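As structure tokens, the structure follows; a few thoughts come after it.
Predicted model only: the values in this text are computed from it and were never measured. No hydrogens, no waters, no symmetry mates; every other heavy atom, side chains included, goes into these values. Here is how names work: the chains are called A, B, and so on, in the same order as the sequence lines, proteins then strands, and each is numbered from 1.
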Protein chains: 4
Amino acid sequence: MTTPSQKAIAERSVETATKNTDLVRGRRDQIVKAAIRVFAAQGFHETTVRDIGREAQLTQGTLYNYVRSKEDILFLVCDRIVTEYLERVRAAAAIEGDAKERLEAAVKGVVRVMCAHRDSILLLYHESHNLEPKSLRVILGRVDEFIVSFETLLKEAGVATAQGPARLRLLANIVTFLPTMVALRKWALPEALQEEETVDEIAAFILRGLEAASN
Amino acid sequence: MTTPSQKAIAERSVETATKNTDLVRGRRDQIVKAAIRVFAAQGFHETTVRDIGREAQLTQGTLYNYVRSKEDILFLVCDRIVTEYLERVRAAAAIEGDAKERLEAAVKGVVRVMCAHRDSILLLYHESHNLEPKSLRVILGRVDEFIVSFETLLKEAGVATAQGPARLRLLANIVTFLPTMVALRKWALPEALQEEETVDEIAAFILRGLEAASN
Amino acid sequence: MTTPSQKAIAERSVETATKNTDLVRGRRDQIVKAAIRVFAAQGFHETTVRDIGREAQLTQGTLYNYVRSKEDILFLVCDRIVTEYLERVRAAAAIEGDAKERLEAAVKGVVRVMCAHRDSILLLYHESHNLEPKSLRVILGRVDEFIVSFETLLKEAGVATAQGPARLRLLANIVTFLPTMVALRKWALPEALQEEETVDEIAAFILRGLEAASN
Amino acid sequence: MTTPSQKAIAERSVETATKNTDLVRGRRDQIVKAAIRVFAAQGFHETTVRDIGREAQLTQGTLYNYVRSKEDILFLVCDRIVTEYLERVRAAAAIEGDAKERLEAAVKGVVRVMCAHRDSILLLYHESHNLEPKSLRVILGRVDEFIVSFETLLKEAGVATAQGPARLRLLANIVTFLPTMVALRKWALPEALQEEETVDEIAAFILRGLEAASN
DNA sequence: AATGAATGAGACTTCATTCAT
DNA sequence: CATGAATGAAGTCTCATTCAT
């Protein structure tokens, strides 16, 4: 049984010099967590491999036993962020109920999770384009899965069924994109609002847009 | 009479070794245009100052007569993009009609202009965080103006008047943010749709969300 | 137990990326010695960091593991020269005997040591003003110690005791400064004289000046 | 009739693109004065040709009509400083009286003039070694004249006549060198002393050394 | 004679990656 | 498996000098 993360690694093949799989997993976990912290604080290019090593309590040489390049680390970071994000949204949407109720739960879930992981999402949007095309494609592929899962939800809830798959996809994009606003526009959002209010408002906006789209 | 762009330069004061104002303007124009092309193609960090010079048909030395650092260039680029974007949206919204009609025109305008300048917008979102805090603040300040102008429009059109300024600002953020999707999600949008259809659909989505918010 | 040189480094803290203290000491020694040779031959500004590296048999990258800037190297060089100079003079003055005899030994010592290290002293006078103010202050502080030690000697030998501390300091300055002539005026000194004769003559001149000053 | 300064220029041939000799003289005067100010303030290498131009109220292009290189400027500066220094000392020594009295006047004159022009002298000692060998030789030649003039004075005053020319030259060096202390050791000299006291003390020290040398 | 924009060589420094221990 | 010193390519920026106007 492979986790999605390992699947991505397989697809893109981040090889290591070390065999012991448990150790590799553990060390990579250290590295990714440390890298997320420093990338979020200083950005990918401003961060040296030494910085990551220091934060991960690993020397440079050791680090390179678990990773082949700085870009590898960025890939692992992006992969981790997307994967965790997806998992959380899935969990939030996994409720009992009819299609409409599940859609509502999912939409609220996206916004809420996005809110809780603003920093990671921001990091993802800021730095993912520093990935090599191949790596980037893997990450975008994962996001695509996410969009597709919303297409399914929308279809099941009977949203815009009559207007063809293209329009459906567009709506799924809107639903999954607008919530990133809490990360990308964090600086501009009204501070007067409680986080919960913001979340509700955005979710409501989306649902209004979708509801009307059903007719 | 100073253009907004000159104001930005004044605020942040990108100084030159050259006196002749017309020449400075001309050369900077060359530089900015060239930089937009190469930054869009390769990203800020992957681009060398020499690359920019080559594209602008200027030697490195000459380039540095009109700009003090690579970061200066990025600032000029971001400033140019934001400024042009704002001007175009303003132009699109400047129609005769009642508040509601003007709002509609503005919303459609945003989406359409965003669509027409996808690449620049993408560049802006990808690279602006490489600016120094001071420069970044200037750019964000300009975006803020933009958001505020939509707050005004919304208020005039009687949207969400009863729910306080915070909610208004949130909506203004949504209106100005969602359209960036055509740039940031370009890779995921359905190719089956004509550009015009995409624009209309997004604008409609926004207007639906706002309309309902009025009650 | 720290050597004076280490103290200087502490005061001004020339940091390294390398931990191993012995290695650092060794490499820095290589660097300083090489730098003294090339600075003496071509001057600080005409010397490139690559030149120093080549002379020290170190690549540029390696060099920068032991030093943070070219100015650091100059500081280390100046510090080394002053420190060694002081130590040698102290050794020359450390004889048994009454105050007058010790003063005489010290004066001769200064001139002789200065003579033996003309080139370094010249380098010091030529390039130390290229140091940053902070570094320069450290070096001058060391020279000051030297002057003060001669003030003490003069006082003990009963020279100019009646005329106050200011005059004492002036004499200490003369005693420590005049000998630099063999370095700074090397080109003008009579070649007909043996080095030993020159030394004796200068020392005698100084002692005559002091002797008369005692009355 | 050529001034010493012009002679030096002739020897080293600082050519100009401009013919009008009066203008050349005037412009060069501007340049040299400006250069002395900025070199004294920032040092030769830290000063750009632009800095000199700005201080001299001359554009770069114009400047290069009167000078062929930055080094040329340094030469003119050093030459000016030495020349003026010599002239002033000569003036101070040009008194009626017997040889001894003239020697005394000369010695006091050196110290006093040195004191009055500390900054220039410091500049000379700090930067002259940045001259090309050829230029340096010219400057040192001028200093040599100066030393020789003191050899003559000493001889006339009957100092050290019995010990041969080499010893005479050594003494002449001492007499002309020690006074530079007020420039090179400015930072270490006692502030409690009036300038006049310092001058007298140093002159006295020299004369004591010489007097005793006569026997 | 004056101007000042253009030039381009070259300097310092950083840092991802390797490899011997 | 861990270490951390060594490497060297590459990048940004400065500035003396030239030359067309």
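D/Glu46 pairs by the side-chain hydrogen bond (donor to acceptor under 3.5 Å, both in side chains) definition with C/His45, not counting sequence neighbours. Remark: D/His129 engages C/Glu127 in a side-chain hydrogen bond (donor to acceptor under 3.5 Å, both in side chains) (not counting sequence neighbours). Partners of A/Asp29 by salt bridge (charged side-chain N to carboxylate O under 4.0 Å, His left out), not counting sequence neighbours, listed by chain and number: A/Lys33, A/Arg80. Residues that satisfy the side-chain hydrogen bond (donor to acceptor under 3.5 Å, both in side chains) test with C/Gln60, not counting sequence neighbours, are absent from this structure. Checked against salt bridge (charged side-chain N to carboxylate O under 4.0 Å, His left out), A/Glu55 has the following partners two or more places apart in sequence or in another chain: A/Arg37. By the side-chain hydrogen bond (donor to acceptor under 3.5 Å, both in side chains) test, D/Thr62 is found to be paired with D/Thr59, residues two or more places apart in sequence or in another chain being considered. Checked against salt bridge (charged side-chain N to carboxylate O under 4.0 Å, His left out), D/Arg54 has the following partners two or more places apart in sequence or in another chain: D/Asp51.
In DNA chain E, runs of at least 3 consecutive Watson-Crick or G-U pairs, each pair with both distances below 3.5 Å, span E:2-21 with F:2-21.
Between D/Tyr66 and E/dA2, a side-chain N or O to OP1/OP2 separation shorter than 4.0 Å is present.
When the P atom of E/dT13 is taken as reference, atom CD1 of C/Ile52 falls 10 Å away, rounded to whole Å. Remark: P of F/dT3 and CG of A/Leu58 are 7 Å apart, rounded to the nearest angstrom. In this structure, CG of B/Leu23 is placed 14 Å from C1' of E/dT3, rounded to the nearest angstrom. Distance C/Leu63 CG to E/dC12 P: 11 Å, rounded to the nearest Å. Summarising the geometry, the separation between CD on D/Gln57 and P on E/dG4 is reported as 13 Å, rounded to the nearest angstrom.
For the pair D/Lys70 and D/Phe44, the cation sits on the ring face: its NZ or CZ lies under 6.0 Å from the ring centre, inside 45° of the axis.
Listed nucleotides: E/dT3, F/dA2, E/dA6. Nearest to the side chain of D/Thr59: E/dT3.
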Contact letters for nucleotides 14-21 of chain E, in which S counts primed atoms plus P, OP1 and OP2 and B counts the base, heavy atoms under 4.0 Å: BSSBB---
